[in-house]
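Residues take their numbers from the sequence shown, with the count starting at 1. Side chains included, hydrogens not; waters and symmetry mates left out as well; all remaining heavy atoms used. Given the structure is predicted, the values throughout are model-derived calculations rather than measurements.
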Amino acid sequence: MSIIITDKASVQIKEMMQDEEEGVRLRFGVQGGGCSGLSYSLGFDEELNEELDVVEEINGIPVVLFSQDIPIIEGTKIDFKENLMGGGFSIDNPNAVLSCGCGSSFRPKEYDGPVEKC
């Protein structure tokens with residue numbers, strides 16, 4: 001298993017999936033950008049590239065990972081936290097050596113690409 005989805009996050013994701021089209025999957029990965037160099041991408045997707053994507057079932061949720069992202073996100077934990085202002089997903093990536101204060105941007109050890117201003 002490449003990533004971990006906590007029970008709280010699983011409940012939230014499954015509730016959100018009910019509002020989506022039949023056959024939708026959760027897609028998690030990274031994209032260039034952010035003040036630390038990379039940012040997380042988390043959303044629903046119906047598309048699947050058989051050559052580039054890996055599909056895992058995690059807590060009953062079909063999850064699509066771009067195969068090239070797996071070394072960067074291996075062991076990442078997705079959680080859902082609630083507070084007085086509502087709730088949201090939190091991502092804890094053991095491969096991140098630098099994270100931005102916003103929590104959505106990070107830099108893994110091997111990354112030497114460009115960074116943006118916050």
Next item on the list: Flag the pair I70 / I72 as yes when at least one side-chain heavy-atom distance between them is below 4.5 Å, and no otherwise.
Entry: no
Notebook entry, point to check: Among all residues two or more places apart in sequence or in another chain, which pass the side chain to side chain donor-acceptor pair (under 3.5 Å) test with D53?
Noted result: R27
Next item on the list: Evaluate the side-chain proximity of K77 to T6: yes if any heavy-atom separation is below 4.5 Å, no if none is.
Entry: yes
Next item on the list: Could you state whether L42 and M17 fall into the same hydrophobic cluster, counting links through intermediate Ile, Leu, Val, Met, Phe, Trp or Tyr residues with side-chain heavy atoms under 4.5 angstrom apart?
Entry: yes
Check: For the atom pair CD (E20) and CD (E46), what is the distance rounded to the nearest 0.5 Å?
Finding: 8.0 Å
Note to self: So does N59 get a backbone contact from the side chain of K14, meaning a donor-acceptor N/O pair under 3.5 Å?
What the structure shows: yes
Item checked: Side-chain heavy atoms of L48 within contact of V64, under 4.5 Å -> yes
Margin query: Apply side-chain contact (heavy atoms from CB on, under 4.5 Å) to residues I73 and N95 and explain how you reach the verdict.
Written below: CA-CA 7 Å; I73 60 173; N95 302 303; 5.7 Å; no
Note to self: Can a donor-acceptor pair be found, under 3.5 Å and without considering hydrogens, that links the side chain of E56 to the backbone of S2?
What the structure shows: yes
Check: What's the verdict on side-chain contact (heavy atoms from CB on, under 4.5 Å) for F44 and M16, showing C-alpha distance, side-chain angles and the deciding distance?
Finding: CA-CA 9 Å; F44 297 115; M16 294 169 70; 3.8 Å; yes
Note to self: Under a 3.5 Å distance rule, please check whether S67 uses its side chain to pair with a backbone N or O of L52 as donor and acceptor.
What the structure shows: yes
Next item on the list: Search all heavy atoms of L65 against all heavy atoms of F28 and return the closest pair with its distance.
Entry: CD2-O, 3.4 Å
Notebook entry, point to check: Closest approach of E47 and R25, non-hydrogen atoms and distance?
Noted result: O-NH1, 4.4 Å
Check: Is there a donor-acceptor contact under 3.5 Å from the side chain of D79 to the main chain of I91?
Finding: no
Note to self: I need the minimum non-hydrogen distance between G29 and D69, along with the two atoms involved.
What the structure shows: CA-OD2, 3.4 Å
Note to self: Using every non-hydrogen atom in the two residues, find where I61 and S10 come nearest and quote the distance to one decimal.
What the structure shows: CD1-CA, 3.8 Å
Margin query: Using the rule given for side-chain contact (heavy atoms from CB on, under 4.5 Å), can you reason through L26 versus I5, listing the C-alpha separation, both sets of side-chain angles and the distance that settles it, and then say yes or no?
Written below: CA-CA 11 Å; L26 180 71; I5 301 176; 4.1 Å; yes
Checklist line | Sequence neighbours excluded - ring pair (Phe, Tyr, Trp, His ring centres under 6.0 Å) pairs with any residue from residues 71-91 | finding: F80-F89
Checklist line | Test side-chain contact (heavy atoms from CB on, under 4.5 Å) applied to I58 and I3, step by step | finding: CA-CA 8 Å; I58 304 170; I3 64 169; 3.4 Å; yes
Next item on the list: Please report the shortest heavy-atom distance between P94 and G75, naming the atom on each side.
Entry: CD-O, 3.5 Å
